[in-house]
Amino acid sequence: MKFSKITEIRGVCFVEKAYKGTNRLITGIVFGVLTFWLFAQAMVNVVPAVRADLGVAPATVNIAISITALFSGIFIVAAGGIADKIGRKKITNLGLILSIAGSLLLVLANGAILLIIGRILQGLSGACIMPSTIALMKAYFEGAERQRALSYWSIGSWGGSGVCSLLGGAIATYMGWKWIFIFSIIFAVLALWLIKDTPESKVENTKKTKFDVSGLIVFIITMVALNIFITQGSKIGWTSWITIVLAVVTIIGALVFIKVEKGKSNALIDFDLFKNAPYSGATVSNFLLNAVAGTLIVANTYVQEGRGFTSFQSGMLSIGYLIAVLSMIRVGEKILQKVGAKKPMIWGTLLTIIGVGVMGLTFLPDLVYTVVVFIGYALFGLGLGIYATPSTDTAVSNAPDDKIGAASGIYKMASSLGGAFGVAISATVYAMISNTNGVHAAATGGIIANVAFAAIALLSIIFMIPNNTGKKGLK
């Protein structure tokens, strides 16, 4: 298919396309997103199986779980910006190839080395896939059609995170956990095939700019120091000089990064994007609600260690989450078009708070607690399903066309880093409390941390998202 013409605005060439997005493109993108949010994230539900099979320490498995989202979060903004320049389809394809390579290493793993390397490659694949696929949807869909396409993207993302608990547990129990990543390879190959005929989408900038290497280096150092501080602080010792140095590096790194990036024409993170209140509200709340993913590792680990569930049984507890999130994403899209983004984002977050909160009632007897957790998962999924499309559309529709890849990268960086730190913090809280007060108290403590994340997300929506944002497909 051919493009009609190129228009130059302030030194930036915009390709005006004749191509219209198709259901085949949507399906390919959803399959690509699933390789990260379904298969890569399924690791949170198979912790005991991985530890037993590979003979690795619990701390190593926790690193393997969080490092994927960490690497995705670190590189996702850079990948989004590069996609704008060299092609969103190219970067999507690169992400799918990295996903295949990472999954293959996990299939071949017999110890910690291939496990960690494979998880890093999966993180890099997510960094490429997420912003570039969102940018493709904005490039080739408009108005209500864009919102429909983003709903399916959200089904792959939020729905995939729901399916991972059920499917991951079932595969680990009946086929072995490595089969999770064999299926990931199959989905990635299908995604490559489905999007192969899609025209390239990129912005031809006539002003040559160098990549922000210094910003990326400072950002990597800061994020890695923070992640090690969170995941290993209790093991190293909170008063150890190593832990203190990590905390100092994190604080100084964050301050240096903000100072260095401001005013740069090629900044890794364009802080001017955050002057747009709806974009900021969507991104901040997205970070915090993805941090609530820590609930999955707390609840799944607790019911297996404290209540004697198998991986499959713990996965079955979340089937209500799966059904709710998949069924409500399109509903959230329709609510968005009628009343705007703010109300469904608030309603969804409130339901999430309630759903997650009841999972902390670990004093309840086995049968009652099982029923309560099942209901809690369903409310959790109901809330995220309503929230998903209004939030994503708010971020996408309020981003400038020439920076959509970078803006999408920042928005999805919030998802990945939120998930990484939410899981790391929740796992750390659970481990610390379980060592002194047992698994029941540990589960309650871990759940309280996730309720706090959701409560702050609610405040960010209330104060930063204007009324009528996104109503009837408008900005």
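All values derive from a computational prediction rather than experimental measurement.
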- [ ] Report yes or no: does R119 contribute a side-chain atom to a donor-acceptor pair with the main-chain N or O of A64 at less than 3.5 Å?
- [x] yes
Task: Parallel, tilted or perpendicular, as decided by the 30° and 60° cut-offs, for the rings of F187 and F31 - done: tilted
TODO: Examine the side chains of R146 and Y140 and answer whether a donor and an acceptor come within less than 3.5 Å of each other.
DONE: no
Open item on the list: As an exercise, state the distance from CZ of R330 to CD1 of I386, rounded to the nearest 0.5 Å.
Closed with: 15.0 Å
Open item on the list: Return the CG to OG1 distance between N93 and T198, rounded to the nearest 0.5 Å.
Closed with: 9.0 Å
Task: Main-chain N/O of S201 paired with K89 side-chain donor or acceptor, under 3.5 Å - done: no
Task: Lys/Arg N to Asp/Glu carboxylate O, K90 vs E200, below 4.0 Å - done: yes
Open item on the list: Using a 3.5 Å distance criterion without hydrogens, assess whether the side chain of Y279 forms a donor-acceptor pair with backbone atoms of A407.
Closed with: yes
Open item on the list: Under a 3.5 Å threshold, yes or no: a donor from one side chain and an acceptor from the other, between R148 and N23?
Closed with: yes
Task: Non-hydrogen side-chain atoms of M130 and I76 separated by less than 4.5 Å - done: yes
TODO: Could you tell me the separation between the CD1 atom of I100 and the OG atom of S125, rounded to the nearest 0.5 Å?
DONE: 9.5 Å
Task: Non-hydrogen side-chain atoms of T222 and V249 separated by less than 4.5 Å - done: no
Open item on the list: Using a 3.5 Å distance criterion without hydrogens, assess whether the side chain of T68 forms a donor-acceptor pair with backbone atoms of Q122.
Closed with: no
TODO: Report the distance from atom CZ of F271 to atom CD1 of I410, rounding to the nearest 0.5 Å.
DONE: 8.0 Å
Task: K342 side chain to P466 backbone, donor-acceptor under 3.5 Å - done: no
Task: Within-4.5 Å side-chain heavy-atom neighbours: F71 and L121 - done: no
Open item on the list: With a 4.5 Å cut-off on side-chain heavy atoms, are P390 and E333 touching?
Closed with: no
Solution key, residues 345-355 side-chain donor-acceptor pairs under 3.5 Å, sequence neighbours excluded:
from, atom 1, to, atom 2, distance (Å)
T349, OG1, M345, O, 2.7
T352, OG1, G348, O, 2.9

Open item on the list: Which heavy atom of C128 sits nearest to which heavy atom of G95, and what is that distance?
Closed with: CB-CA, 3.6 Å
- [ ] Using the side chain to side chain donor-acceptor pair (under 3.5 Å) rule, take T133 and T92 through it: C-alpha gap first, then chi angles, then the decisive distance, then the call.
- [x] CA-CA 7 Å; T133 51; T92 298; 5.7 Å; no
Task: A388 backbone acceptor or donor facing S391 side chain under 3.5 Å - done: no
Task: Atom pair OG1/CG of T35 and L190 - distance to nearest 0.5 Å - done: 11.0 Å
Task: side chain to side chain contact (heavy atoms under 4.5 Å, CB included) between I220 and F75, worked out - done: CA-CA 8 Å; I220 290 173; F75 291 100; 3.6 Å; yes
- [ ] Determine, step by step, whether Y302 and Y430 satisfy the ring pair (Phe, Tyr, Trp, His ring centres under 6.0 Å) criterion, reporting the C-alpha distance in whole Å, the side-chain angles of both residues, the deciding distance to 0.1 Å, and the verdict.
- [x] CA-CA 9 Å; Y302 169 65; Y430 183 90; 7.1 Å; no
Task: A341 to T394 - nearest heavy-atom pair and separation - done: CB-OG1, 3.2 Å
Task: Closest non-hydrogen atom pair between G215 and F257, with its separation - done: O-CE1, 3.4 Å
- [ ] Of all the heavy-atom pairs spanning S314 and V303, show the shortest one and how long it is.
- [x] CB-CG2, 3.5 Å
TODO: Evaluate the side-chain proximity of F380 to M359: yes if any heavy-atom separation is below 4.5 Å, no if none is.
DONE: yes
Open item on the list: Do V260 and V218 make a side-chain contact, defined as non-hydrogen atoms from C-beta onward lying under 4.5 Å apart?
Closed with: no
Open item on the list: If we ignore hydrogens and angles and just use 3.5 Å, is the side chain of T301 paired with the main-chain N or O of V298 as donor and acceptor?
Closed with: no
Open item on the list: I want to check something: taking the side chain as every heavy atom from C-beta on, are P344 and Y387 in contact at a cut-off of under 4.5 Å?
Closed with: no
- [ ] Look only at the side chain of Y411 and the backbone of T392, and say whether a donor-acceptor pair between them is shorter than 3.5 Å.
- [x] yes
Open item on the list: Using 0.5 Å steps for rounding, measure from the CD1 atom of I456 to the OG atom of S285.
Closed with: 12.5 Å
TODO: Test L25 against I29 for side chain to side chain contact (heavy atoms under 4.5 Å, CB included), laying out the working first.
DONE: CA-CA 6 Å; L25 172 59; I29 285 175; 3.8 Å; yes
TODO: Without swapping roles, check the side chain of S327 against the backbone of A324 for a donor-acceptor pair under 3.5 Å.
DONE: yes
Open item on the list: Are S460 and I462 packed together at the side-chain level, in the sense that at least one heavy-atom pair is separated by less than 4.5 angstrom?
Closed with: no
Task: K259: partners by salt bridge (charged side-chain N to carboxylate O under 4.0 Å, His left out), with sequence neighbours left out - done: none
Task: Considering all heavy atoms, the nearest A414-N286 contact - done: CB-ND2, 4.0 Å
Task: Heavy-atom donor-acceptor pair, T283 side chain to S280 backbone, under 3.5 Å - done: no
TODO: Identify the heavy atoms of G32 and A191 that sit nearest to each other, and give their distance.
DONE: N-CB, 3.7 Å
Task: Check against side chain to side chain contact (heavy atoms under 4.5 Å, CB included), M464 and F274 - done: CA-CA 11 Å; M464 300 176 78; F274 291 100; over 6 Å; no
Task: Y321 and Y377 aromatic ring geometry - parallel, tilted or perpendicular at 30°/60° bounds - done: perpendicular
- [ ] For the pair V356 and F453, evaluate side chain to side chain contact (heavy atoms under 4.5 Å, CB included) and give the outcome as yes or no after the intermediate values.
- [x] CA-CA 11 Å; V356 170; F453 294 146; over 6 Å; no
